[in-house]
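Notes follow the structure.
Atom set for the values below is all heavy atoms of this structure, side chains included, hydrogens, waters and symmetry mates excluded. Keep in mind it's a predicted model, so treat the numbers as computed, not measured.
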Amino acid sequence: MTDAARPRRSALYVPGNNSRALEKAAGLLADVVILDLEDAVGDDAKPAARDRVCDIVRSGVLRPREVVIRVNGLGTEWHEDDMAAVAQSGADGVLVPKVGSGDDVRALVGELEAAGADNQTTLWLMIETPGSFLHAEEIAAASDRVSVLVIGTNDLINDLHALQRPGRAPVMTALSLAVLGARSAGRVILDGVFNDIGDGDGFIAEARQGREMGFDGKTVVHPSQIGPANSAFGPSPEEVEYARTVVSAYENARAAGDSVITVDGRMIESLHVRDAQRILTLAARIDELTDLDLART
């Protein structure tokens with residue numbers, strides 16, 4: 001059920017019990033809005049927050065954003081009610097924290113189907129424990145309903161007894177394992193949050209690092225991080241122009257019956273053409289999303 005060409009450059013967490021933040025989210029340019037019922041909501045407020053976010057999803061005010069609801073995890077007292085509500089809300093996906101195995105995924109699929117979720121409701125799964133990073137491929141491949149893996153570096157660092165460091169050296173192995181697992185299963189993967197809201201340069205550096213590693217986008221916790229994330233994970237004008245050149249050279253070579261293709265002195269193979277086509281499709285989808293935003297204003 002993965003739509004790899006759908007822009008997910010920025011995914012903004014919005015507390016499910018914060019009415020002002022929920023209203024403001026409708027005017028922000030994040031590709032994805034994640035309505036949070038887990039960490040951001042106190043125990044006593046969770047049932048009311050659940051009703052509030054499902055009502056907001058049904059209202060359609062967050063469109064054309066992709067809308068996902070983060071539920072409370074397996075084994076918590078709120079999980080079953082969260083899953084049942086999300087299944088009927090019309091949300092694009094349900095984000096589940098601390099998924100540790102393929103069996104967990106299959107249990108979640110069973111819950112969604114028992115609650116009457118349609119086939120378009122996807123599973124987004126948080127990879128945030130040492131075990132989940134070691135089993136990332138198993139988790140990603142456990143069901144066709146799985147769409148996106150989302151990194152949770154804060155929990156990982158805590159579980160490892162590691163330290164938060166610029167450049168993320170203590171968790172680079174884990175991050176790479178997660179990217180490998182997602183790509184092996186053909187899934188989208190989003191980088192974790194950057195905690196220091198006031199450190200804009202640090203966020204930009206980490207977003208660039210995530211893009212270089214192969215992440216599709218980044219989860220963000222503040223509106224100020226949306227623009228830099230969109231810039232880091234969206235194709236630049238230069239990348240788009242080069243992709244057009246590659247595709248054009250390939251099509252011209254095929255028409256002429258040439259087997260050797262070069263662009264700017266570099267050999268072009270089919271894998272380069274596929275990546276160029278991916279970039280052009282992503283750029284077109286971003287343009288479509290931008291046009292929809294302009295039409296609303």
Nearest non-hydrogen partners of Thr122 and Ser147, listed with the distance: CB-CB, 3.6 Å

Lys/Arg N to Asp/Glu carboxylate O, Asp159 vs Lys98, below 4.0 Å: no

Residue Asp44 excluded, over 12 heavy atoms near CG under 6.0 Å: no

Flag if over 12 foreign heavy atoms under 6.0 Å of CZ, Arg254: no

Spacing of CG belonging to Leu175 relative to CE belonging to Met172, to within rounding of 0.5 Å: 6.0 Å

Joint cluster assignment, Phe215 & Leu282, ILVMFWY side-chain distance < 4.5 Å: no

Nearest heavy atoms of Ile151 and Ala178, plus distance in Å: CD1-CB, 3.5 Å

Side-chain H-bond candidate by donor/acceptor type, Thr121 with Asp118, under 3.5 Å: yes

Side-chain (Ser132) to main-chain (Ser101) donor-acceptor, under 3.5 angstrom: no

Any donor-acceptor pair under 3.5 Å from Lys218 side chain to Gly192 backbone: yes

Interatomic distance, Phe203 atom CZ to Ile197 atom CD1 [nearest 0.5 angstrom]: 11.0 Å

Glu23/Arg20 salt bridge by N-O under 4.0 Å criterion: no

Closest non-hydrogen atom pair, Arg165 against Pro170: CB-CD, 4.2 Å

Minimum heavy-atom distance between Ala232 and Arg211, given as atom pair plus value: O-CG, 3.5 Å

Atom CZ of Arg106 with >12 non-hydrogen neighbours under 6.0 angstrom: yes

Derivation of the side-chain contact (heavy atoms from CB on, under 4.5 Å) call for Asn72 and Leu37: CA-CA 6 Å; Asn72 292 279; Leu37 299 177; 4.2 Å; yes

hydrophobic_cluster_shared for Tyr13 and Val41, side chain cutoff 4.5 Å: no

Side chains of Pro130 and Leu156 in contact at under 4.5 Å (non-hydrogen atoms): yes

Ionic contact status for Arg8 with Asp216, cut-off 4.0 Å: no

Close side-chain approach of Arg244 and Leu280, heavy atoms under 4.5 Å: yes

Exam field: side chain Arg183 to backbone Arg187, donor-acceptor pair closer than 3.5 Å: yes

Distance, nearest 0.5 Å, that separates CG of Asn158 from OG1 of Thr153: 11.5 Å

Backbone N/O of Gly75 and side chain of His79: donor-acceptor pair under 3.5 Å: no

Stepwise side-chain contact (heavy atoms from CB on, under 4.5 Å) check, Leu35 with Leu62: CA-CA 11 Å; Leu35 304 173; Leu62 295 175; 4.0 Å; yes

Side-chain H-bond candidate by donor/acceptor type, Gln164 with Asn154, under 3.5 Å: yes

Validation row: Met83, Leu112 side chains within 4.5 angstrom (heavy atoms): yes

Within one Ile-Leu-Val-Met-Phe-Trp-Tyr cluster: Leu28 and Val67, side-chain cutoff 4.5 Å: yes

Result of checking Val94, Leu108, Asp104 against Leu125 for side chain to side chain contact (heavy atoms under 4.5 Å, CB included): Leu108

Side-chain heavy atoms of Leu289 within contact of Arg65, under 4.5 Å: yes

Nearest heavy-atom neighbours spanning Ile279 and Pro235: CG2-CB, 3.7 Å

Test side-chain contact (heavy atoms from CB on, under 4.5 Å) applied to Ile286 and Arg9, step by step: CA-CA 10 Å; Ile286 291 170; Arg9 301 164 297 171; 3.6 Å; yes

Residue from Ile56, Val86, Leu95 passing side chain to side chain contact (heavy atoms under 4.5 Å, CB included) with Ile69: Val86

Close side-chain approach of Leu74 and Glu111, heavy atoms under 4.5 Å: yes

same_hphob_cluster(Val171, Ile139) at 4.5 Å side-chain heavy-atom cutoff: yes

Ion pair Asp55/Arg52, N-O distance below 4.0 Å: no

Value rounded to 0.5 Å, distance of OG1 in Thr173 from CG in Leu134: 10.5 Å

Stepwise side-chain contact (heavy atoms from CB on, under 4.5 Å) test for Arg266 and His272: CA-CA 11 Å; Arg266 298 178 181 178; His272 300 118; over 6 Å; no

Joint cluster assignment, Leu149 & Val220, ILVMFWY side-chain distance < 4.5 Å: yes

Close side-chain approach of Val57 and Cys54, heavy atoms under 4.5 Å: no

Ile226 versus Ser10, closest heavy-atom pair with distance: CG2-OG, 3.7 Å

Members sharing Val273's hydrophobic cluster (side chains within less than 4.5 Å): Tyr242, Val246, Tyr250, Ile261, Val263, Ile268

Gap between atom CZ of Phe133 and atom CG of Leu180 - 0.5 Å precision: 12.5 Å

Close side-chain approach of Trp124 to Val188, heavy-atom, < 4.5 Å: no

Exceeds 12 heavy-atom contacts within 6.0 angstrom, atom CD of Glu80: no

Distance (rounded to the nearest 0.5 Å) between Ile204 CD1 and Gln209 CD: 14.0 Å

Asp92 side chain near Arg6 side chain, heavy-atom distance below 4.5 Å: yes

